[in-house]
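What follows is a short report on a single structure.
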There are 2 protein chains.
Amino acid sequence: MGKMEYNLDQIDYQILRIMQDNARTNNADIARELGMAPSAILERVKKLEQKEVILQYNAKINPNALDQKMLSFIFIKAQDIIGVQKVGFLLAEIPEVQEVHDIAGDDGYLVKVRTNDAAGLVDLMRNTLGKIEGIISTRTTIVLETVKEEQKLVIPAKK
Amino acid sequence: MGKMEYNLDQIDYQILRIMQDNARTNNADIARELGMAPSAILERVKKLEQKEVILQYNAKINPNALDQKMLSFIFIKAQDIIGVQKVGFLLAEIPEVQEVHDIAGDDGYLVKVRTNDAAGLVDLMRNTLGKIEGIISTRTTIVLETVKEEQKLVIPAKK
DNA sequence: TTAAAATTTAGAATTTTATTCGATATGAAT
DNA sequence: ATTCATATCGAATAAAATTCTAAATTTTAA
């Protein structure tokens, strides 16, 4: 698994470029833009899904609309065996935790967390992180303002 | 701006919950699940878009499929005037930069960057970051492995 | 509490899009 | 050249989105 040829061509890239910007673009529009038939686009998209090039479609929701105004990054030092992310998996189970990265250096994790407010963060750290075995220490960085937050990848241009 | 009442009810939350998981779920399916008419769902979704509760729909693309195997976080100390993120905006313009956060503490930014490999990172730092005026210093954290990476928000449950 | 106004919903009609499928083309391997 | 696999097109069909109006519900104000 993971060992696979994706073999994407320029048409795939163009489709990905469009879908990355608006996942609800319909086949007819994509077809028009690429000068192809809608059915051909459909085939391509299905194949991209099947090959797990497109992993999922999601709606980006405004955190403010759900009153989630606080964003933090927490460095977590753990006593995990290298390569076995026991603590990592436990962290990943927490709904407020959006990202968990195993990072080089201080043998630990970098975790991205979204909460309503500072109280929510404190609560999470005390009641949820606090109960995870194997956490040695944490260091929290608070986000004052987010300038950019996207997950768009740079898609190779025509050669 | 930003001062607005979202006034979301349980039905909206349910719709958001569904759309957050799969932005291509059709109205008929949502309607069935919520016991409503498709046209009512359509109205709701349109309103959610209009109120900017739903910000956009995007396809999550597998970074490996585009050979982007390297993920890094860079702390950037800048000489920006507080509240005026000149450097922040310049960083946000870089395609490989997915996130730019103004963080508390060392008056700087936390930046999330995706490149093909280590060489790509070095190249970016030298040729792109290196040309931005006002950057005092950088500290880079390299991600060895990502355990979780989502942007899903915790949606309030029924009261 | 009641009445008017505004909003939301259902359901049918219509338009648009997705999907299927056979025919044709393209390309690589034999 | 022949076979096999893959892609595309284009028409036909199925499904979904969208529009619209009347009825129902909720909100507001009297």
Side-chain angles (χ1 to χ4, degrees), chain A residues 1-62 64-67 155-159, chain B residues 3-62 64-67 155-159:
Chain A
M1 224 193 319
K3 277 281 176 299
M4 145 177 253
E5 276 309 317
Y6 291 104
N7 261 103
L8 306 179
D9 61 17
Q10 276 306 316
I11 296 174
D12 291 317
Y13 285 159
Q14 294 192 77
I15 292 173
L16 291 176
R17 215 171 277 125
I18 292 168
M19 294 294 271
Q20 187 170 233
D21 277 320
N22 179 7
R24 301 195 109 187
T25 310
N26 62 50
N27 294 330
D29 283 343
I30 300 177
R32 204 166 304 128
E33 192 162 337
L34 305 196
M36 294 172 68
S39 54
I41 302 297
L42 180 69
E43 289 297 321
R44 290 264 188 171
V45 171
K46 278 189 168 173
K47 209 150 293 172
L48 289 170
E49 291 169 356
Q50 229 215 325
K51 290 194 282 189
E52 294 183 31
V53 174
I54 294 175
L55 297 174
Q56 60 178 242
Y57 301 97
N58 28 26
K60 185 175 174 183
I61 297 172
N62 189 341
N64 292 320
L66 298 180
D67 200 40
I155 297 177
K158 298 190 184 67
K159 49 167 172 303
Chain B
K3 277 280 179 298
M4 145 176 254
E5 276 309 317
Y6 292 103
N7 262 102
L8 306 179
D9 61 16
Q10 274 308 137
I11 296 175
D12 290 317
Y13 286 158
Q14 295 191 77
I15 292 173
L16 291 177
R17 215 170 277 125
I18 293 168
M19 295 293 272
Q20 188 170 232
D21 277 320
N22 179 6
R24 298 196 112 187
T25 311
N26 62 49
N27 294 330
D29 283 343
I30 300 177
R32 205 167 301 128
E33 191 162 338
L34 306 195
M36 293 173 68
S39 55
I41 302 297
L42 180 69
E43 288 297 321
R44 291 263 189 174
V45 171
K46 277 187 169 175
K47 209 152 291 172
L48 289 170
E49 291 169 355
Q50 215 225 316
K51 289 195 283 189
E52 294 181 31
V53 174
I54 295 175
L55 296 174
Q56 59 179 246
Y57 301 97
N58 29 22
K60 184 176 174 182
I61 297 172
N62 188 340
N64 292 321
L66 298 181
D67 199 41
I155 296 177
K158 297 189 184 67
K159 51 165 174 302

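Every chain is numbered from 1, with letters handed out A, B, ... down the list of sequences.
B/N62 and B/N64 get closest at one heavy-atom pair: OD1-N, 2.9 Å. Closest of all the heavy-atom pairs between B/A37 and B/A31 is C-CB, 3.8 Å. Between B/Q20 and A/N58, the shortest heavy-atom contact is O-CB, 3.3 Å. Here the shortest heavy-atom pairing between A/E52 and A/Y6 reads O-CE2, 4.5 Å.
Across the protein-nucleic acid pair, A/Q10 atom CD and D/dA7 atom P stand 16 Å apart, rounded to whole Å. Atom CG in B/N7 sits about 13 Å away from atom C1' in C/dT7, given to the nearest Å. Nucleotide C/dT19 holds its P atom 13 Å from the CD1 atom of A/I41, rounded to whole Å. Taking atom CZ on A/R44 and atom P on D/dA7, their separation rounds to 7 Å, with Å as the unit. In this structure, the CE atom of B/M36 is 12 Å from the C1' atom of C/dT7, given to the nearest Å.
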- Task: Mark up nucleotides 15-28 of chain D, 5' to 3', with B wherever a protein heavy atom is under 4.0 angstrom from a base atom, S wherever such an atom reaches only the sugar-phosphate, and - elsewhere.
- Result: -SSBB---------
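A distance of 11.5 Å separates CG of A/L42 from CG of A/N26, quoted to the nearest 0.5 Å.
Closest to the side chain of B/K47, from the set D/dT8, C/dT9, C/dT8, is C/dT8.
One N or O on the side chain of A/R17 and one on the backbone of A/P156 form a donor-acceptor pair closer than 3.5 Å.
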